[in-house]
Trainee: 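One structure, as structure tokens, below. Some questions next.
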2 protein chains.
Amino acid sequence: MSAETEIAERLISEIVSGRYNVHERLPSENEIAGKYKVPRITARKAYEKLEELGYVYRQQGKGSYVKDRLTQIELVLSGGVSFSQKMLEKGYDFESRNIFSREIKYNKRIYDCLETGEKDRVFKIGRLRFIDGQPIALHISYIAKSVFPDIAAEGANLTSMFSYYNSKGYHEFLSKPSLLSVSFPTKLQRKLLGCTYLVPLLALQSGCIDKRTGAVLECTKILYRCDRFSYIMP
Amino acid sequence: MSAETEIAERLISEIVSGRYNVHERLPSENEIAGKYKVPRITARKAYEKLEELGYVYRQQGKGSYVKDRLTQIELVLSGGVSFSQKMLEKGYDFESRNIFSREIKYNKRIYDCLETGEKDRVFKIGRLRFIDGQPIALHISYIAKSVFPDIAAEGANLTSMFSYYNSKGYHEFLSKPSLLSVSFPTKLQRKLLGCTYLVPLLALQSGCIDKRTGAVLECTKILYRCDRFSYIMP
DNA sequence: CCATGGTAACTTGTTGCCAAGTTGGCCGCT
DNA sequence: AGCGGCCAACTTGGCAACAAGTTACCATGG
């Protein structure tokens, strides 16, 4: 195992244990090199790892500083419930922003999930979720026009799908079986979620069904920042 | 965004799309530097990222090669079922190895999970799970001696807890609510699971209850390699 | 003709030094 | 005494050159 990884882990351990306060300055590359008897490039690589992992920020001429790592949110992984509602109930400073609404081309997987035919029109609606002004999750819903005839006109204004369903007379929901995976963010996801390329994202693909009629209301893909959530499966 | 991240992503995209075969040699640092008009150190950093993420292996004097990335296993995240059984049913070349069995000191969280008193003795049993000879998951069970009086003597031989429960007359199980989180592996976890420090691990903490009596049979912590699994929540 | 050794041209790995940015202390001026 | 400018000593950022490893080709000897 490389020296820079060992040093990085030592520094991570110190940061996590509270040895340094948020925004406190860490030892310089030269100090680390001297302390661990390694060339400076090794110390630099250790700090680069810390930066990539999100523990520090660095500024030329100034030094390396502990980044503000926000506390984790416990999230109950149950479908059929409004994410917006969950966050508000937990008392977070929560905000949801609609970032796009557009029609998609036929896609067999999504159309099958929506249990709709090839001639239907399907809209992709994205909401970015913020807590304390920081983006923490990206929610994408696929909605069939045959179920929601006004979706083309209304989609761009939606920030909570469950509020929308309520307004259309749907009040009780079931969740489809979910597929869950973990991956590193794409360039666009990094931009939207404001994270480095090494923040794993938990992707949850699922669907929402109206309990009364059995109609598929949406198919969803949700991307949660793993560094901001831990999850409870009921 | 840095040039080396862009280049790394370009290379990842090419690897994932099948442009290069497994073990095929990739362009040298100098070739990348020439192609993208960057200094060689930038090309190197791109390759270092690929190596850390597990896409390539590198050898001085020879070059960089595409690493064999094994296909993902779909895993149904339901407790109360034997992991060993699931893997065997899927037809994988599966092996489970017991790697330790030892008594632990009193730990409030674990003892509370086991719903047992401070005077009980609790054993920590670890199994490492292999598919095709590669470690893919680490299972840790906490077992109370008051429920399994022979655990001290038998623990070191156990490779499947469910087989053990069956042999003790337990046949139907319920799962406790689970806590799920994602983190990067520690040094020991990397050693056990044979992965780099950037392979996210999905940690699933749960418990197993005997359906008939309601007794808590075990508390578990399971670490799955995220690069080897995608998960289905029923 | 075949086998062996040497070397040039490549590969990745390492290091020293220069570049760019920051800041505190000192000096000069008002 | 106070303020502003300059500079040395530090910080991180960047890069060319050297080091170490590999391999294919060529020359030489048996």
Side-chain angles (χ1 to χ4, degrees), chain A residues 1-12 14-15 19-69 190 195-198, chain B residues 1-12 14-15 19-69 190 195-198:
Chain A
M1 177 161 81
S2 60
E4 61 259 23
T5 307
E6 288 209 28
I7 292 167
E9 286 181 332
R10 191 78 59 95
L11 289 167
I12 288 175
E14 287 177 347
I15 290 169
R19 161 87 189 272
Y20 300 101
N21 295 318
V22 171
H23 299 306
E24 185 172 348
R25 192 162 162 288
L26 292 158
S28 72
E29 292 177 358
N30 283 327
E31 283 165 343
I32 293 290
K35 179 179 181 183
Y36 294 102
K37 297 186 168 51
V38 293
R40 192 183 133 209
I41 189 68
T42 305
R44 172 178 303 177
K45 283 182 175 175
Y47 269 129
E48 278 169 356
K49 281 181 164 57
L50 289 205
E51 193 174 26
E52 286 172 345
L53 290 169
Y55 287 97
V56 305
Y57 58 94
R58 284 145 67 68
Q59 194 167 349
Q60 180 170 341
K62 294 195 63 173
S64 307
Y65 300 82
V66 177
K67 207 169 176 180
D68 191 1
R69 292 183 65 87
R190 292 202 292 279
C195 60
T196 69
Y197 82 103
L198 286 184
Chain B
M1 176 164 79
S2 60
E4 61 262 21
T5 307
E6 290 209 27
I7 293 168
E9 286 182 333
R10 192 79 59 93
L11 290 167
I12 288 174
E14 288 176 346
I15 290 170
R19 161 88 189 270
Y20 299 101
N21 294 317
V22 171
H23 299 305
E24 185 172 348
R25 193 163 162 288
L26 293 157
S28 72
E29 291 176 358
N30 283 328
E31 283 167 343
I32 293 290
K35 180 179 180 183
Y36 294 103
K37 299 191 166 47
V38 293
R40 191 183 132 208
I41 190 69
T42 306
R44 162 161 312 168
K45 284 181 175 174
Y47 269 129
E48 277 169 355
K49 281 180 165 57
L50 289 203
E51 192 174 27
E52 286 171 348
L53 290 168
Y55 286 98
V56 305
Y57 58 94
R58 285 147 65 71
Q59 195 166 347
Q60 179 169 338
K62 294 195 61 172
S64 305
Y65 300 83
V66 177
K67 208 168 173 181
D68 192 1
R69 291 183 65 85
R190 294 203 291 280
C195 61
T196 69
Y197 81 102
L198 286 184

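Residue numbers start from 1 in every chain, and the chains themselves are labelled A, B, ... in the order their sequence lines are given, proteins ahead of strands. Below, each value reflects all heavy atoms present in this structure, side chains not excepted, and no hydrogens, waters or symmetry copies.
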Trainee: Of the candidate nucleotides D:dC15, D:dA20, C:dT11, which contains the atom at the shortest distance from the side chain of B:Q60?
Mentor: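 The closest nucleotide is D:dA20.
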Trainee: Which heavy atom of A:R25 sits nearest a heavy atom of A:G63, and at what distance?
Mentor: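 Here A:R25 and A:G63 meet closest at NE-CA, 4.3 Å.
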Trainee: Please state how far atom OH in A:Y47 lies from atom P in D:dT12, giving the value in whole angstrom units.
Mentor: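 Rounded to the whole Å, the gap is 7 Å.
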Trainee: Regarding B:T42, tell me which of base, sugar-phosphate or nothing describes its non-hydrogen contacts under 4.0 Å with the strands shown.
Mentor: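 The residue B:T42 makes no contact with any strand.
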Trainee: Quick one: which of D:dT12, D:dT22, C:dT15 gets closest to the side chain of B:Q59?
Mentor: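 Nearest nucleotide to the side chain: D:dT22.
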Trainee: Phosphate oxygens OP1/OP2 of D:dT11: is one of them under 4.0 Å from a side-chain N or O of A:S64?
Mentor: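 Answer no for this pair, as no side-chain N or O of A:S64 is under 4.0 Å from OP1 or OP2.
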Trainee: In this structure, how many angstroms lie between the C1' atom of D:dC15 and the NZ atom of B:K45, rounded?
Mentor: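 Those two atoms, NZ and C1', are 10 Å apart.
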Trainee: Answer yes or no: does a side-chain N or O of B:K62 lie under 4.0 Å from OP1 or OP2 of D:dT23?
Mentor: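 Result: yes.
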Trainee: Quick one: is D:dT11 close enough that its OP1 or OP2 comes under 4.0 Å of any side-chain N or O from A:N30?
Mentor: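 For A:N30, the contact criterion (side-chain N or O under 4.0 Å from OP1 or OP2 of D:dT11) is met.
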Trainee: Below the 4.0 Å mark, does D:dC10 have OP1 or OP2 next to a side-chain nitrogen or oxygen of A:S28?
Mentor: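 Answer no for this pair, as no side-chain N or O of A:S28 is under 4.0 Å from OP1 or OP2.
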Trainee: Side chain of B:P39 only, heavy atoms from C-beta on: which candidate in D:dG13, D:dT22, D:dC15 is closest?
Mentor: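 Closest nucleotide to the B:P39 side chain: D:dC15.
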Trainee: Is B:R190 close enough and on-axis enough to B:Y197, meaning under 6.0 Å and within 45°, for cation-pi?
Mentor: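 No - B:R190 does not lie over the ring of B:Y197 by the 6.0 Å and 45° rule.
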Trainee: Could you tell me whether a side-chain N or O of A:E52 sits under 3.5 Å from a main-chain N or O of A:K49, the two making a donor and an acceptor?
Mentor: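 Side chain of A:E52 to backbone of A:K49, a donor-acceptor pair under 3.5 Å: no, none is there.
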Trainee: Show the nearest heavy-atom pair for residues B:E51 and B:T196, with the distance to one decimal.
Mentor: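 B:E51 and B:T196 have their closest heavy atoms at O-CG2, 4.1 Å.
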Trainee: Rounded to whole angstrom units, what separation is found between the CD1 atom of A:I32 and the C1' atom of D:dT11?
Mentor: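 Answer to the nearest Å: 14 Å.
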Trainee: In whole angstrom, what separates B:Y57's OH from C:dT12's C1'?
Mentor: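 Taking atom C1' of C:dT12 as the reference, OH of B:Y57 is at 15 Å.
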Trainee: Looking at the side chain of A:R40, which of D:dC18, D:dG13, D:dT11 is the nearest nucleotide?
Mentor: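 From the listed options, D:dG13 comes nearest.
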Trainee: How close or far is atom C1' of D:dT12 from atom CD of A:E48, stated in whole angstroms?
Mentor: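 Computing the A:E48:CD to D:dT12:C1' distance gives 10 Å.
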Trainee: Can you work out whether B:I41 or A:G61 has the more 5'-proximal nearest nucleotide on DNA chain C?
Mentor: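 The 5'-side residue here is B:I41.
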Trainee: Looking at every non-hydrogen atom in both residues, tell me the closest pair between B:A43 and B:V38 and how far apart they are.
Mentor: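 Heavy-atom minimum between the residues: N-CG2, 4.3 Å.
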Trainee: Measure the distance from CZ on A:R25 to C1' on D:dT11 and round it to the nearest whole Å.
Mentor: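 Going from A:R25 (CZ) to D:dT11 (C1'), I get 7 Å.
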Trainee: I want to verify a distance call: between C:dG13, C:dT11, D:dG13, whose nearest atom is closest to the B:R58 side chain?
Mentor: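 Closest nucleotide among those given: C:dG13.
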